[in-house]
Amino acid sequence: MGGATLRVGILMGSDSDWPVMQQAVTMLEAFGVRAEARVLSAHRSPELVRRYVRAAAARGIKVFIAGAGGAAHLAGTVAAQTTLPVIGVPINSKLKGIDSLLSTLQMPKGVPVATVAIDNAANAAILAVQCLALSDATLQRRLAAYKRKLIAGIQKADRTLSAKHG
């Protein structure tokens with residue numbers, strides 16, 4: 001992605017997770033936040049995950065977004081190796097994503113993973129932007145504008161519905 005400093009590392013356990021995780025890339029681009037996306041498996045390539053996480057901060061990564069289905073241990077594996085925030089995206093799987101959801105959010109004390117709804121990588125990106133905005137006034141303004149846009153959309157929908165059925 002374009003932009004200045006690399007700030008978000010987006011990981012997925014399989015390339016089949018890309019259609020969901022692409023939502024995060026798209027949302028981050030909308031906020032002007034630079035990210036990189038990688039396929040790294042907690043189970044099939046744990047050493048590659050470890051090396052990536054340990055080197056990420058030196059390259060400018062401030063937040064991780066990790067998406068995985070099934071056993072969904074990727075976010076927890078990342079969180080176990082860093083002090084940076086980790087946001088987990090449970091991916092829909094054989095058990096309609098409930099297995100992924102529970103695997104992502106049932107972390108032991110001391111190893112937190114913020115978890116969003118199943119397949120909702122867009123919300124993971126917004127949460128990452130909120131983390132980054134704590135020390136970035138430009139992102140704070142962009143988030144405020146985004147929230148105003150959400151409100152305007154609801155107001156428009158309300159007016160439309162009221163005009164038809166009011």
Side-chain angles (χ1 to χ4, degrees), residues 1-42 44-45 48-70 72-79 81-93 97 100-101 103-105 112-157:
M1 286 176 51
T5 306
L6 186 60
R7 298 176 83 180
V8 178
I10 299 172
L11 304 176
M12 60 207 85
S14 169
D15 61 351
S16 64
D17 300 331
W18 176 243
V20 170
M21 299 308 288
Q22 189 173 15
Q23 299 170 27
V25 172
T26 301
M27 185 62 71
L28 289 168
E29 285 175 343
F31 281 99
V33 173
R34 188 163 176 244
E36 66 181 8
R38 300 284 305 274
V39 176
L40 296 169
S41 170
R44 294 181 294 266
S45 63
L48 294 177
V49 174
R50 185 189 69 74
R51 278 191 258 156
Y52 175 81
V53 171
R54 296 223 172 134
R59 289 190 347 274
I61 298 290
K62 303 287 186 209
V63 181
F64 292 99
I65 298 173
H73 294 136
L74 184 57
T77 298
V78 171
Q81 300 178 66
T82 186
T83 58
L84 298 174
V86 178
I87 304 163
V89 180
I91 306 288
N92 194 352
S93 56
S100 308
L101 176 66
S103 295
T104 304
L105 59 81
V113 171
T115 306
V116 297
I118 297 166
D119 288 349
N120 199 335
N123 265 1
I126 294 167
L127 183 55
V129 171
Q130 289 174 324
C131 291
L132 295 169
L134 291 170
S135 61
D136 186 323
T138 300
L139 285 180
Q140 289 172 13
R141 287 189 297 277
R142 289 176 185 163
L143 278 167
Y146 176 76
K147 295 289 185 171
R148 286 191 301 272
K149 190 174 174 182
L150 291 177
I151 292 167
I154 291 297
Q155 289 172 324
K156 181 180 177 186

Check against side chain to side chain contact (heavy atoms under 4.5 Å, CB included), V25 and E29
CA-CA 6 Å; V25 172; E29 285 175 343; 3.8 Å; yes
Indicate the atoms forming the closest heavy-atom contact of [X] with [Y], along with that distance.
X: V89; Y: A124; answer: CG2-CB, 3.6 Å
X: Y52; Y: G9; answer: OH-CA, 3.5 Å
X: D17; Y: M12; answer: CB-CB, 3.8 Å
X: V49; Y: S41; answer: CG2-O, 3.5 Å
X: L74; Y: G67; answer: CD2-O, 3.8 Å
X: V113; Y: I87; answer: CG1-C, 4.4 Å

Tell me, do [X] and [Y] make a side-chain contact under 4.5 Å, heavy atoms counted?
X: L28; Y: I10; value: yes
X: I118; Y: I91; value: no
X: Q140; Y: L143; value: no

Checking V8, L11, L127, V116 against I65 for side-chain contact (heavy atoms from CB on, under 4.5 Å), the one that qualifies is V8
From [X] [atom1] over to [Y] [atom2], what is the distance, rounded to the nearest 0.5 angstrom?
X: N123; Y: M27; atom1: CG; atom2: CE; value: 7.5 Å
X: Q130; Y: L132; atom1: CD; atom2: CG; value: 10.5 Å
X: M21; Y: S14; atom1: CE; atom2: OG; value: 12.0 Å
X: R50; Y: T77; atom1: CZ; atom2: OG1; value: 12.5 Å

Report the C-alpha distance between I126 and Y146 in whole Å, list the side-chain angles of each, state the deciding distance to 0.1 Å, and finish with yes or no for side chain to side chain contact (heavy atoms under 4.5 Å, CB included).
CA-CA 10 Å; I126 294 167; Y146 176 76; 3.3 Å; yes
Side chain to side chain donor-acceptor pair (under 3.5 Å) with D136: of R7, R142, K62, only one passes, and it is R7
Take atom CD1 of I154 as the centre, draw a 6.0 Å sphere, and report whether it contains more than 12 heavy atoms from other residues, nucleotides or ligands.
no
Candidate pair S100 and S93, rule side chain to side chain donor-acceptor pair (under 3.5 Å), full reasoning:
CA-CA 7 Å; S100 308; S93 56; 3.3 Å; yes
